[in-house]
2 protein chains.
Amino acid sequence: MEISKTPKPPYYAVIFTSKLNSNSEGYEKVSGRMVELVQQQSGFLGFESARETVGITVSYWKDEASILKWSSNFEHQEAQRLGREKFYNSYSIRICKVERAYSSMSV
Amino acid sequence: MEISKTPKPPYYAVIFTSKLNSNSEGYEKVSGRMVELVQQQSGFLGFESARETVGITVSYWKDEASILKWSSNFEHQEAQRLGREKFYNSYSIRICKVERAYSSMSV
């Protein structure tokens with residue numbers, strides 16, 4: 001996992017934070033498939049992810065239309081249903097416009 | 001660490017992603033102090049943090065002015081300098097306007 005190389009702002013970010021249930025059997029498989037699938041979506045710019053007590057996944061997008069299209073993807077909707085009903089104890093989704101960005105990448 | 005309970009959008013988010021150097025001695029102490037200090041800042045709404053290969057810290061703010069004030073806090077500036085010069089192999093800071101949010105919190 002690397003820090004995403006994103007274009008100059010403005011672009012969009014989806015901040016997804018979650019806490020898993022103690023029994024989240026099947027989560028890794030569904031999660032891995034979503035990582036695979038999201039990278040094929042038009043307008044997808046990159047993502048970063050880490051989990052300790054809470055899991056944080058930030059995905060970056062060209063525009064809001066791309067986010068809407070991904071949220072209504074059939075296979076993704078099934079994964080969202082499993083997330084709500086089985087995997088997540090709690091979660092939060094925040095749709096954001098990235099207005100400014102700074103980075104320092106070593107070579 | 002809980003998922004932050006934030007007000008209705010719009011508000012702001014700072015997405016800070018980083019990779020630590022192999023020698024990042026002193027990082028935990030500085031990082032812990034910043035967690036303490038940030039919570040005392042006016043306009044601060046909450047934060048979420050997790051680190052695996054990359055570290056992701058998202059802090060939430062009332063407005064841009066609060067973010068600017070925190071970024072110029074004297075003790076925080078010294079921590080930023082240590083981060084750049086010693087702790088971080090690479091990092092990225094993204095300033096975002098949260099436009100929409102959904103959450104499901106179990107009780």
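Only heavy atoms go into these numbers, but all of them, side chains included; no hydrogens, no water, no symmetry mates. Note that the structure is a prediction, hence the values are computed from the model and not measured. Naming convention: chains lettered A, B, ... in sequence-line order (proteins, then strands); numbering from 1 in each chain.
- Within a 6.0 Å sphere centred on CD of B:E25, heavy atoms belonging to other residues, nucleotides or ligands number 12 at most.
- Shortest non-hydrogen contact noted between B:C96 and A:V98 is SG-CG2, 3.8 Å.
- Atoms OH and OG, from B:Y91 and A:S103 in turn, are 8.0 Å apart once rounded to the nearest 0.5 Å.
- The contact between A:I56 and chain B is made by backbone and side chain atoms together, counting heavy-atom distances below 4.5 Å.
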Checklist entry - Under the side chain to side chain contact (heavy atoms under 4.5 Å, CB included) criterion, do B:I15 and A:I15 qualify, and how do the steps go? => result CA-CA 9 Å; B:I15 304 170; A:I15 304 169; 4.0 Å; yes
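- Contacts with chain A were tallied for B:G55, B:A13, B:A50, B:P9; B:A50 has the most, counting heavy-atom pairs under 4.5 Å.
- For A:F16, no part lies near chain B; criterion is any non-hydrogen pair under 4.5 Å.
- Crowding of B:K97 atom NZ: a count of heavy atoms from other residues, nucleotides or ligands under 6.0 Å not exceeding 12.
- When heavy atoms are compared at a cutoff of 4.5 Å, B:T57 does not approach chain A at all.
- Interface remark: A:Y88 contributes no atoms to any contact with chain B (heavy atom separation under 4.5 Å).
- Both the backbone and the side chain of B:I3 come within contact range of chain A, judged by heavy atoms closer than 4.5 Å.
- Surrounding NZ of A:K69 are at most 12 heavy atoms belonging to other residues, nucleotides or ligands under 6.0 Å away.
- Contact check for B:M1 versus A:K19: no side-chain heavy atoms found under the 4.5 Å cut-off.
- Taking both residues in full, the closest heavy atoms of B:E2 and A:V54 are given as C-CG1, 4.1 Å, listed atom of the first, atom of the second, then distance.
- Note on B:F74 and B:L68: separate hydrophobic clusters, where clusters join Ile, Leu, Val, Met, Phe, Trp and Tyr whose side-chain heavy atoms are under 4.5 Å apart, directly or indirectly.
- Per-residue counts of heavy-atom pairs under 4.5 Å with chain B were compared for A:R94, A:R51, A:E64, A:R100; the largest is that of A:R94.
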